[in-house]
Amino acid sequence: MKREIYGKDTLLNFSSGTLSLGTLSTFQAEARKQGMPNTDYPFRLLKDYSFKEGNLSNMGLSGLFNDHGPSATYYKIQNELIRQAEVSTNHKKVFIKKLESSRWKQVSLHYVKGRDQEDYITVNAVMRGGITEKQELKYTDEDHVEKLTLKGQDMIYIRYGNSHTKQGLSWVDEKNNLQYFISNSIKSNLTKEELLRIAEAFIR
């Protein structure tokens with residue numbers, strides 16, 4: 001391991017930690033532990049889509065790199081891991097340092113229709129600390145975009161013209177400082193009205 005660390009032009013690799021959990025109860029417990037609000041997510045959406053997997057993401061790596069490459073923070077962490085390797089006496093191969101998130105966190109829930117893995121719904125909820133308050137969604141001239149209101153909540157709806165995603169629905173939960181985005185796969189036959197019914201389950 002020392003040879004790999006000290007090798008010419010070799011840097012330690014960092015990646016954003018995403019925790020994937022396959023049971024809803026475990027996912028909810030971990031989401032609460034990580035400080036995510038509104039973790040009472042439904043197991044089933046409509047009558048056909050059931051919970052398949054939940055992901056928790058920390059977006060805390062932005063301070064490790066800049067326009068010129070690794071930052072001073074990066075090298076500080078790297079040196080700390082090198083020192084751990086140097087003093088290790090049990091032939092440990094992997095050294096881990098947990099990084100605190102400096103920006104925002106995200107949960108992503110994946111629902112599938114029966115056993116069809118290609119017919120799915122994805123629900124993303126992003127904590128908005130430090131990001132813009134505007135609902136900014138990427139779309140093209142081929143997409144249909146409209147504003148609407150559901151249960152007093154302003155939303156943006158997109159029906160995609162040429163994408164792996166069929167529809168998208170986004171809104172901001174001001175009370176809990178979350179931005180939601182619900183989408184369904186191109187194979188999904190959900191209507192716009194059904195997508196809105198799904199959104200009702202997440203409006204607090």
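- No option in Ser108, Ser57, Ser183 other than Ser108 meets the side chain to side chain donor-acceptor pair (under 3.5 Å) test with Asn124.
- In this structure, CD1 in Ile182 is found 9.0 Å from OH in Tyr111, a value given to the nearest 0.5 Å.
- As a member of the Ile/Leu/Val/Met/Phe/Trp/Tyr network built from side-chain separations under 4.5 Å, Ile186 groups with nothing else and remains a singleton.
- With sequence neighbours left out, the side chain to side chain contact (heavy atoms under 4.5 Å, CB included) criterion links Glu30 to Leu19, Leu21, Lys33, Gln34, Leu56.
- Side-chain contact of Gln28 with Tyr41: a donor-acceptor pair under 3.5 Å is absent, judged by distance alone.
- Surrounding NZ of Lys166 are more than 12 heavy atoms belonging to other residues, nucleotides or ligands, all under 6.0 Å away.
- Contacts classified as salt bridge (charged side-chain N to carboxylate O under 4.0 Å, His left out) and involving residues 70-81 (residues at least two apart or in different chains) are given here: Glu80-Lys97.
- In this structure, the separation between CD on Glu200 and CD on Gln153 is 12.0 Å, given to the nearest 0.5 Å.
- Side-chain atoms of Trp171 and Ile203, non-hydrogen and from C-beta on, do get closer than 4.5 Å to each other.
- Applying the side chain to side chain contact (heavy atoms under 4.5 Å, CB included) criterion to Glu193, with sequence neighbours excluded, gives Thr191.
- Scanning for side chain to side chain contact (heavy atoms under 4.5 Å, CB included) contacts around Ser185 gives Asp119, Tyr120, Lys187, Ser188, with sequence neighbours left out.
- Closest of all the heavy-atom pairs between Tyr157 and Leu148 is CB-CD2, 3.8 Å.
- For Asp48, the side chain to side chain contact (heavy atoms under 4.5 Å, CB included) partners two or more places apart in sequence, or in a different chain, are Lys113.
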